[in-house]
K.L.:
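Here it is, the structure, as structure tokens.
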Amino acid sequence: MIEISSPVRVRFAPSPTGFLHIGGVRTALFNWLFARHYGGQFLLRIEDTDEKRFIPGAADDLMTSMRWVGIDWDEGPDIGGPYGPYVQSVRSEQGVYMPFAQQLLEAGLAYMSFTTEEELVQMKAEAEARGIKAFRFRGPERDWPLAKQQEVAATGKAYTIRLKVPAEGSTHFNDLVRGGDDGIRINNSELYDIVLIKKTGMPVYHMAHLVDDHLMKITHVLRSDEWVASTPYHVLLYQYLGWHAPTFAHLPPILRQDGHGKLSKRKDDVSANRFWERGYLADAMFNYLTLQGWSYDDHTEIMTRAEVVERFTIDRVQSSPARWNPAKLLDMNGIYIRALSTEATADAITPFLQRANLVPTPINPSHRQRILELTPLIHERLKELGEAPELLDFFFVDIAPPSAELLIPKKMDAASTKAALVEIHASLSAVQEWQSAEALESSLRALCEKLDLKPGQLFGAVRVAVSARTVAPPLFEMLIALGKSTTLNRIQSAIGVL
RNA sequence: GCCUCCAUCGUCUAGCGGCCUAGGACGUCACCCUUUCAAGGUGAAGGUCGCGGGUUCGAAUCCCGCUGGAGGUACCA
């Protein structure tokens with residue numbers, strides 16, 4: 001059993017380089033769950049130290065995605081907090097990071113490096129040519145006295161500030177989910193002198209996140225597993241700065257459906273906003289994501305938010321990768337949709353009907369009423385709310401008469417189908433009360449006997465005649481919803497086809 | 001290549017030395033229900049616990065090796 005010392009402070013620190021994809025949401029979610037379960041704070045921090053990849057508006061999009069699944073934060077760029085600001089570019093401008101780089105420089109634990117990117121590429125190529133299998137950059141300036149470094153810098157030559165990693169020994173850290181009891185250890189000879197401050201003066205991730213985590217009093221770092229390889233640098237930095245390192249927990253990656261590689265926003269259609277656009281319920285997404293890398297026991301999958309918060313412990317987080325499984329998500333979405341009330345479902349599908357121009361925007365009372373009537377017909381058949389328009393369009397707009405091919409039931413021909421439809425038209429015309437499915441059904445069942453047709457044949461012909469499709473809601477409820485005159489008109493049109 | 005991590009049905013997972021002739025879910029298939037499609041019900045197929053060695057009275061569970069996969073190897077995060 002892993003003991004977690006409360007109170008706990010965790011953060012989600014995305015970089016605004018595009019929309020938030022589902023893997024990012026999962027990372028945010030686990031941090032949130034961790035904070036809520038162990039009783040602590042969850043904060044949001046924007047890591048926009050990469051000027052080249054920055055995308056305007058991405059930060060807002062990302063917050064929208066998080067709010068959608070129900071993740072809220074106690075401190076963040078939009079709401080502030082005691083350790084703000086929560087945007088790294090702003091912090092950098094305020095000079096938050098430089099003093100610490102300076103401290104390292106003065107202690108001889110970092111150095112000004114005048115090697116350019118071009119020179120570095122060349123050095124690598126040369127090393128490779130000489131048969132050196134792994135090139136680990138150590139700047140020639142690493143052993144220069146600081147005064148000499150400053151002298152060259154004073155000439156106006158551009159420089160970066162690099163971490164001076166130890167030549168020997170190894171670096172070790174513990175991880176709440178990976179590496180077992182012995183933790184993870186790497187030889188320092190595998191490390192290279194990473195850049196801490198770019199030549200633009202902007203800190204690199206390794207520097208910025210670490211300074212911020214310390215200043216913001218982060219106690220636990222739950223992040224995606226791609227960071228384990230650079231954690232040794234972070235451990236070293238904490239030592240050099242004389243700070244107590246937070247506890248690490250590297251979350252398992254979410255692999256692509258085919259298992260080859262991690263889920264990526266470029267190759268996979270997994271941006272968070274895609275899911276609400278297609279009609280996924282936030283609760284379903286929350287529940288599904290919860291199971292991507294975590295499980296409660298051997299049989300419980302459907303859980304409310306409160307249940308997950310209560311049950312989420314770090315020791316039940318998987319160390320092996322999860323796999324993106326859209327079929328499972330779809331199934332779960334169906335479960336959550338079916339659990340909705342008729343009213344809630346009607347509200348949920350309304351935007352989709354509006355987007356398909358089947359109902360006006362804003363909605364008016366009569367259309368709202370109409371949607372309410374129609375919702376029970378498709379409610380339990382819905383797996384994505386976005387399917388609603390195609391399931392319901394023929395209730396709102398005129399349909400082209402179905403083709404003869406679609407209209408003619410099994411073991412029947414055009415003539416017999418036509419004859420049957422004429423009889424159906426007559427029978428239904430005679431129905432006075434157009435409100436009872438039972439009345440309509442008994443009328444048509446009587447006709448089945450009279451014409452010696454199976455219900456499947458006759459009902460099928462009616463279904464196609466009024467909806468122009470073979471898959472539709474239950475027939476009699478559908479006829480009632482359609483109304484008597486529309487039903488009869490469509491049957492009449494179908495007769496004309498044959 | 002090198003470094004690190006990971007390894008149970010097609011997929012996700014339960015399992016932390018005897019309860020396992022390995023449990024659940026998704027998916028698949030069959031049947032029932034039935035006017036179509038769903039939903040629901042019942043059931044089936046599907047795993048020599050990646051492979052090979054150990055440790056132990058006993059291993060899916062511990063150790064070692066191998067193999068496979070993923071991640072990292074940027075003045076990106």
Side-chain angles (χ1 to χ4, degrees), chain A residues 13-17 47-53 113 115-117 120-121 128 133-137 158-162 175 177-180 184-187 189-192 194-200 202-206 208-209 223-232 250 252-253 255 257 259-262 288 291-302 315-316 318-332 334-335 338 378-383 391 441 444-445 448 454-464 467 469-476 478:
Chain A
S15 65
T17 56
E47 310 217 322
D48 56 346
T49 51
D50 187 353
E51 308 98 312
K52 295 180 190 122
R53 294 200 306 160
S113 172
T115 306
T116 65
E117 290 172 78
L120 194 55
V121 170
E128 216 165 284
K133 48 267 172 232
F135 179 71
R136 310 280 182 230
F137 181 74
Y159 66 91
T160 59
I161 296 178
R162 286 182 183 270
D175 192 299
V177 337
R178 350 191 99 227
I184 296 170
R185 179 178 296 281
I186 185 167
N187 286 329
S189 59
E190 299 295 335
L191 272 23
Y192 75 101
I194 57 164
V195 167
L196 262 20
I197 305 288
K198 305 179 201 181
K199 71 178 173 202
T200 57
M202 188 71 96
V204 138
Y205 169 84
H206 301 298
H209 96 277
R223 65 202 339 181
S224 159
D225 100 307
E226 71 210 58
W227 295 107
V228 340
S230 45
T231 303
H250 288 95
L255 264 29
Q257 234 184 118
H260 291 294
K262 285 200 316 170
Y288 174 75
L291 265 12
Q292 291 279 293
W294 176 82
S295 65
Y296 177 56
D297 60 16
D298 64 345
H299 64 277
T300 310
E301 291 195 328
I302 304 297
D315 53 284
R316 295 205 63 88
Q318 240 42 255
S319 56
S320 53
R323 184 98 135 235
W324 182 242
N325 188 349
K328 179 86 175 182
L329 208 211
L330 186 67
D331 176 69
M332 213 170 250
I335 291 172
R338 273 174 257 130
I378 60 162
H379 191 168
E380 67 176 21
R381 279 150 251 266
L382 234 35
K383 288 204 165 183
L391 257 24
E441 181 165 359
L444 288 190
R445 284 208 186 267
C448 285
K454 287 183 175 163
Q457 294 174 302
L458 191 128
F459 293 178
V462 180
R463 175 176 302 108
V464 174
S467 70
R469 64 191 70 193
T470 54
V471 174
L475 187 60
F476 304 104
M478 179 164 81

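Within every chain, numbering begins at 1; the chains are lettered A, B, ... in the order of the sequence lines, protein sequences first and strands thereafter.
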K.L.:
Over how many whole Å does the gap from A:M332 atom CE to B:A39 atom C1' extend?
P.N.:
17 Å

K.L.:
Please give the distance between the P atoms of B:C19 and B:U61 as a whole number of Å.
P.N.:
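Rounded to whole Å, the distance is 13 Å.
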
K.L.:
For A:A13, enumerate each residue passing the side-chain contact (heavy atoms from CB on, under 4.5 Å) test, keeping only those at least two apart in sequence or located in another chain.
P.N.:
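Expected list: A:R11, A:R45, A:E47.
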
K.L.:
CD of A:Q292 versus P of B:U11: gap in Å, rounded?
P.N.:
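Roughly 14 Å, once rounded to whole Å.
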
K.L.:
Distance check needed: B:A74 C1' versus A:L191 CG, whole Å only.
P.N.:
15 Å

K.L.:
Give a yes or no on whether the ring-centroid distance for A:F459 and A:F476 is below 6.0 angstrom.
P.N.:
yes

K.L.:
Could you tell me which residues satisfy side-chain contact (heavy atoms from CB on, under 4.5 Å) with A:Q318, sequence neighbours excluded, listed by chain and number?
P.N.:
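Here the qualifying residues are A:P252, A:S295, A:S320.
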
K.L.:
RNA chain B: A:A13 or A:A322, which has the more 5' nearest nucleotide?
P.N.:
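Looking at RNA chain B, the more 5' nearest nucleotide goes with A:A322.
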
K.L.:
Taking the P atom in each of B:A7 and B:C26, what is the distance between them to the nearest angstrom?
P.N.:
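These two P atoms come out 25 Å apart once rounded.
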
K.L.:
Report which part of the nucleic acid A:L120 touches: base, sugar-phosphate, or nothing (heavy-atom distance under 4.0 Å, all strands).
P.N.:
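Sugar-phosphate contact only.
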
K.L.:
Paired with B:G1: which nucleotide, if any, by Watson-Crick or G-U wobble criteria at under 3.5 Å for both distances?
P.N.:
B:U73

K.L.:
Considering only the C1' atoms, how many Å lie between B:A59 and B:G18, rounded to the nearest integer?
P.N.:
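Going atom to atom, C1' in each nucleotide, I get 10 Å.
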
K.L.:
In whole Å, I'd like the distance from the CG atom of A:L196 to the P atom of B:A77.
P.N.:
12 Å

K.L.:
Would you classify A:Q318 as touching base, sugar-phosphate or nothing, given that sugar-phosphate means primed atoms plus P, OP1 and OP2, and contacts are heavy atoms under 4.0 Å?
P.N.:
sugar-phosphate

K.L.:
What's the NE2-P distance between A:H206 and B:A74, to the nearest Å?
P.N.:
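Rounded to the whole Å, the gap is 10 Å.
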
K.L.:
Between B:G46 and B:G52, how many Å separate the two C1' atoms, rounded to a whole number?
P.N.:
26 Å

K.L.:
Need one value for A:T115: base, sugar-phosphate or nothing, where a base atom within 4.0 Å counts as base even if backbone is also close, heavy atoms only.
P.N.:
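Base, at least one base heavy atom under 4.0 Å.
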
K.L.:
Just how far, in rounded Å, is C1' of B:A77 from CG of A:D225?
P.N.:
14 Å

K.L.:
Are OP1 or OP2 of B:A77 and a side-chain N or O of A:T49 less than 4.0 angstrom apart?
P.N.:
yes

K.L.:
Roughly how far, to the nearest 0.5 Å, is the CD1 atom of A:I302 from the OH atom of A:Y288?
P.N.:
12.5 Å

K.L.:
Closer than 3.5 angstrom, by distance alone: can the side chain of A:D175 be matched with the main-chain N or O of A:H250 as a donor-acceptor pair?
P.N.:
yes

K.L.:
With sequence neighbours left out, write down each residue that passes salt bridge (charged side-chain N to carboxylate O under 4.0 Å, His left out) with A:E226, or none if nothing qualifies.
P.N.:
A:K262

K.L.:
For the residue pair A:F137 and A:F135, categorise the inter-ring angle as parallel (less than 30°), tilted (30 to 60°) or perpendicular (more than 60°).
P.N.:
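The arrangement is tilted - the two ring planes meet at 30° to 60°.
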
K.L.:
For the side chain of A:T160 and the backbone of A:R162, is there at least one donor-acceptor N/O pair under 3.5 Å apart?
P.N.:
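Side chain of A:T160 to backbone of A:R162: no pair is present.
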
K.L.:
Examine B:A14: is either OP1 or OP2 under 4.0 Å from a nitrogen or oxygen in the side chain of A:S295? Give yes or no.
P.N.:
yes

K.L.:
What nucleic acid atoms does A:H260 come within less than 4.0 Å of, heavy atoms only: base, sugar-phosphate, or nothing?
P.N.:
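Since only primed, P, OP1 and OP2 atoms lie under 4.0 Å of A:H260, the category is sugar-phosphate.
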
K.L.:
Hey, does A:T160 reach any base, or is it just sugar-phosphate, or nothing, if we go heavy atoms under 4.0 Å?
P.N.:
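Counting heavy atoms under 4.0 Å across all strands, the contact made by A:T160 includes a base.
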
K.L.:
Taking only side-chain N and O atoms of A:K198, does any of them lie within less than 4.0 angstrom of OP1 or OP2 on B:C76?
P.N.:
yes

K.L.:
Taking A:K199 for its side chain and A:T116 for its backbone only, find out whether a donor-acceptor pair lies under 3.5 Å.
P.N.:
no

K.L.:
State which residues pass salt bridge (charged side-chain N to carboxylate O under 4.0 Å, His left out) with A:E380; sequence neighbours excluded, sorted by chain then number.
P.N.:
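With sequence neighbours excluded, A:E380 shows a salt bridge (charged side-chain N to carboxylate O under 4.0 Å, His left out) to no residue whatsoever.
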
K.L.:
Would you kindly give the CD1-to-C1' distance between A:I161 and B:A74, to the nearest whole Å?
P.N.:
18 Å

K.L.:
Can you tell me how far the CZ atom of A:R323 sits from the NZ atom of A:K328, to the nearest 0.5 Å?
P.N.:
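Between atom CZ of A:R323 and atom NZ of A:K328 there are 15.0 Å.
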
K.L.:
Both A:R316 and A:S320 contact RNA chain B. Taking the nearest nucleotide for each, which residue is further toward the 5' end?
P.N.:
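The 5'-side residue here is A:S320.
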
K.L.:
If you go through the side-chain atoms of A:R323, does one of them form a donor-acceptor pair with the base of B:C12 closer than 3.5 Å?
P.N.:
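Result: no qualifying N/O pair found.
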
K.L.:
How would you summarise protein contacts on nucleotides 21-38 of chain B per nucleotide, using B for base, S for sugar-phosphate only and - for none, with heavy-atom distances below 4.0 Å?
P.N.:
--BBBSS-------BBBB

K.L.:
Heavy atoms only, 4.0 Å cut-off, all strands: where does A:T231 land among base, sugar-phosphate and nothing?
P.N.:
nothing

K.L.:
Given atom CH2 of A:W324 and atom P of B:C12, what is their separation to the nearest angstrom?
P.N.:
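Computing the A:W324:CH2 to B:C12:P distance gives 14 Å.
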
K.L.:
Using atom P of each nucleotide, how far apart are B:U42 and B:A25 to the nearest Å?
P.N.:
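Taking atom P in both B:U42 and B:A25, they lie 10 Å apart.
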
K.L.:
For A:R223, which contact category applies under a 4.0 Å heavy-atom criterion: base, sugar-phosphate, or nothing?
P.N.:
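A:R223: no heavy atom of the nucleic acid under 4.0 Å.
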
K.L.:
Sticking with atom C1', work out how far B:A38 lies from B:U21, rounded to a whole angstrom.
P.N.:
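Taking atom C1' in both B:A38 and B:U21, they lie 38 Å apart.
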
K.L.:
Where do N or O atoms of nucleotides 1-4 of chain B meet protein N or O atoms at under 3.5 Å, pair by pair?
P.N.:
from, atom 1, to, atom 2, distance (Å)
B:C3, O4', A:E190, OE1, 3.4

K.L.:
Roughly how many Å apart are B:C76 and B:A22, using the C1' atom of each and rounding to a whole number?
P.N.:
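Result for the C1' pair: 44 Å, nearest Å.
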
K.L.:
Tell me the partner of B:C29, counting only Watson-Crick (N1-N3 plus N6-O4 or O6-N4) or G-U wobble (N1-O2 and O6-N3) with both under 3.5 Å; none if nothing fits.
P.N.:
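Pairing partner, where one exists within any strand: B:G43.
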
K.L.:
Within the 4.0 Å heavy-atom criterion, would you say A:G334 contacts the bases, only the backbone, or no part of the nucleic acid?
P.N.:
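Nothing, no heavy atom under 4.0 Å.
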
K.L.:
Please measure how far the P atom in B:C63 lies from the corresponding atom in B:C16, and state the result in whole Å.
P.N.:
16 Å

K.L.:
Using purine N1 to pyrimidine N3 plus N6-O4 or O6-N4 for Watson-Crick, or N1-O2 and O6-N3 for G-U wobble, both under 3.5 Å, which nucleotide pairs with B:A7?
P.N.:
B:U67

